[in-house]
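To keep things clear, I will list the structure first and then write my remarks on it.
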Amino acid sequence: MTFSKILTDWYSVNKRQLPWRQTTNPYYIWLSEIILQQTQIKQGLPYYEDFVSVFPTVFDLAHANEAEILKLWQGLGYYSRARNLHFAAKYVVEDLNGVFPTNYKDLLKLKGVGDYTASAIASICYNEVSAVVDGNVYRVLSRYFGIYTPINSSKGAKEFKALAQELIDKKDPATFNQAVMEFGAIQCKPKSPDCTVCPFNSSCFAYGKDEITELPVKIKAAKVSKKYFNFLVFLTPDHTTILEQRQGKGIWQNLYQFPLIESKKALTSKELEQELENLEVLKGKTFDVSLYNKNEIVHKLSHQHLYTQFWIVEVDTNLKGEIPVSKVEDFPVPILIGNFIEDFNF
DNA sequence: AACTCGGGGGA
DNA sequence: TCCCCAGAGTT
């Protein structure tokens, strides 16, 4: 039996029923693939249901406001996916009359669609023979064939793509692609897979050589940096506060937050009050500051740790740019802010 | 080629 | 604590 045959036989028995497996409509496949980038199915599934429900067609998505899309995306992370989703939807509607590209090459032109996603959509929707390479594929192939090339190197990317392209079932690329990913997710898991029940265990390199824990090889990332965030939660007599939209390039782009003072280290109340003296919005006003969380909240991201303090700033008058506290929940915010809002309960 | 971009979950 | 997740865009 060929690699492909063993794999797809396994798939026909073990595959999970998932909503995006009931359709080949490129809008739904695209939506699911973007949501599932770097995201486990368990986490992404409810977001997929929400998006399909709120935006049943690409036209609905294209005509939405970015903030509305970000709000629905809130908590899922990698928010550029949501912004690019909106951008690409507008492109499809305005430049392509609402019709998705029908091949790998043209799918790549959609913002947020890279090599993996273009191959996934092209194969699933149009039966194009284009192999997907995601984290699952790297793991399955590196273990089965004993490939030690680092998966997060350009050499590795080319090597695994070429191998997957050789192995793919030319008659049914859609099933092969989904099968290899499902196999990686369920059977050939990152940690302690049960190789005794694996259909490949008689010929798998890693299992035979006891190298499961060594493969795949990945170059370690640099150490995480620390940042100190001080969020200013203003409260006025009229029950208003201030939310600002994050500008520029960095993290949480276009999401909202309480006014932020970043510092080199954790600030004391005295030090924070000094900072507030320089704040334009508080010029000539009297205010009272208290620290909401006695212990720093450490929000851990893959590449930085955010040591966070929320400061309640009660002022005696109204403020420029204020919004009613009852509206705070309408804005898309990072989960760090969202958790505070929920806990504080205004 | 290296860096940046989130948040949840498993062991 | 460390690693992984249906990766992509920027520098």
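Order of the sequence lines sets the chain letters (A, B, ...), proteins ahead of strands, with each chain counted from 1.
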query = So which pairs with a foot in residues 50-64 of chain A pass side-chain hydrogen bond (donor to acceptor under 3.5 Å, both in side chains), sequence neighbours left out?
reply =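 Those involving residues 50-64 of chain A are T57(A)-D60(A).
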[Y] ring center within less than 6.0 Å of [X] ring center:
X	Y	answer
F200(A)	F205(A)	no
F176(A)	Y11(A)	no
F310(A)	F231(A)	yes

request  = Please map the stems of DNA chain B, keeping only stretches of three or more Watson-Crick or G-U wobble pairs with both distances under 3.5 angstrom.
outcome  =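 Stems for DNA chain B, defined as runs of 3 or more consecutive pairs: B:1-5 with C:7-11, B:7-11 with C:1-5.
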message = Quick check on contacts: within residues 112-142 of chain A, what sits under 4.0 Å from DNA chain C by heavy-atom distance?
response =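 Correct list: G112(A), V113(A), G114(A), D115(A), Y116(A), T117(A), D134(A), G135(A), N136(A), R139(A).
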ask   = Where along residues 168-182 of chain A does a heavy atom fall under 4.0 Å from DNA chain C?
value =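 Contacts with DNA chain C under 4.0 Å: M181(A).
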Non-neighbouring partners of [X] that pass salt bridge (charged side-chain N to carboxylate O under 4.0 Å, His left out), sequence neighbours left out:
X	value
E159(A)	K155(A)
K264(A)	none
K218(A)	none
E271(A)	K265(A)

query = Between which nucleotides of DNA chain C, read 5' to 3', does contact with chain A run, using atoms under 4.0 Å from its heavy atoms?
reply =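 Counting from the 5' end, contacts occupy dT1(C) to dG9(C).
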request  = Run the numbers on Y48(A) and W20(A) for ring-ring contact (aromatic ring centres under 6.0 Å, His included), then give the verdict.
outcome  = CA-CA 9 Å; Y48(A) 174 81; W20(A) 49 85; 5.1 Å; yes
Donor-acceptor pairs are to be reported for all side-chain atoms of residues 126-139 of chain A against protein atoms at under 3.5 Å, with residues two or more places apart or in another chain.
unit_1, atom_1, unit_2, atom_2, d
E128(A), OE1, Y104(A), N, 3.0
S130(A), OG, S119(A), OG, 2.7
D134(A), OD1, N136(A), N, 3.1
D134(A), OD1, V137(A), N, 3.0
D134(A), OD2, N136(A), ND2, 2.9
N136(A), OD1, R139(A), NH2, 2.8
N136(A), OD1, A185(A), N, 3.3
R139(A), NE, C188(A), O, 2.6
R139(A), NH2, G184(A), O, 2.8

request  = Taking side chain to side chain donor-acceptor pair (under 3.5 Å) as the test, write out the residues that go with D316(A), two or more places apart.
outcome  =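 Checked D316(A) against side chain to side chain donor-acceptor pair (under 3.5 Å); matches are T286(A).
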key: DNA chain C: 5'-proximal contact among S32(A) and L110(A) (nearest heavy atom)   =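 First, find each residue's nearest nucleotide; the 5'-ward one identifies S32(A).
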ask   = Which of these, W252(A), Y256(A), F331(A), sits in a side-chain contact (heavy atoms from CB on, under 4.5 Å) with Q245(A)?
value =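 Per the side-chain contact (heavy atoms from CB on, under 4.5 Å) rule, the option paired with Q245(A) is Y256(A), out of W252(A), Y256(A), F331(A).
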task = Pick base, sugar-phosphate or nothing for W20(A), based on heavy-atom distances below 4.0 Å to the nucleic acid.
result =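 Contact class for W20(A): base.
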ask   = Considering the options Q187(A), R16(A), K15(A), which one meets the side-chain hydrogen bond (donor to acceptor under 3.5 Å, both in side chains) requirement together with E182(A)?
value =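 For E182(A), the side-chain hydrogen bond (donor to acceptor under 3.5 Å, both in side chains) check succeeds only for R16(A).
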request  = Sticking with atom P, work out how far dA6(C) lies from dC5(B), rounded to a whole angstrom.
outcome  =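 My reading of the P atoms in dA6(C) and dC5(B) gives 23 Å.
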task = Can you tell me, in whole Å, how much space there is between the P of dA8(C) and that of dG8(B)?
result =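 Their P atoms lie roughly 22 Å apart.
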task = At under 4.0 Å between heavy atoms, which parts of nucleotides 2-11 of chain B does protein reach? Answer with one letter per nucleotide, 5' to 3': B base, S sugar-phosphate only, - none.
result = ---BBBS-B-
task = Let me see the working for F100(A) and W30(A) under ring-ring contact (aromatic ring centres under 6.0 Å, His included), right down to the final yes or no.
result = CA-CA 9 Å; F100(A) 271 81; W30(A) 169 64; 5.3 Å; yes
query = Atom CD1 in I341(A), atom CD in E329(A): separation rounded to 0.5 Å?
reply =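 With rounding to 0.5 Å, CD1 (I341(A)) is 7.0 Å from CD (E329(A)).
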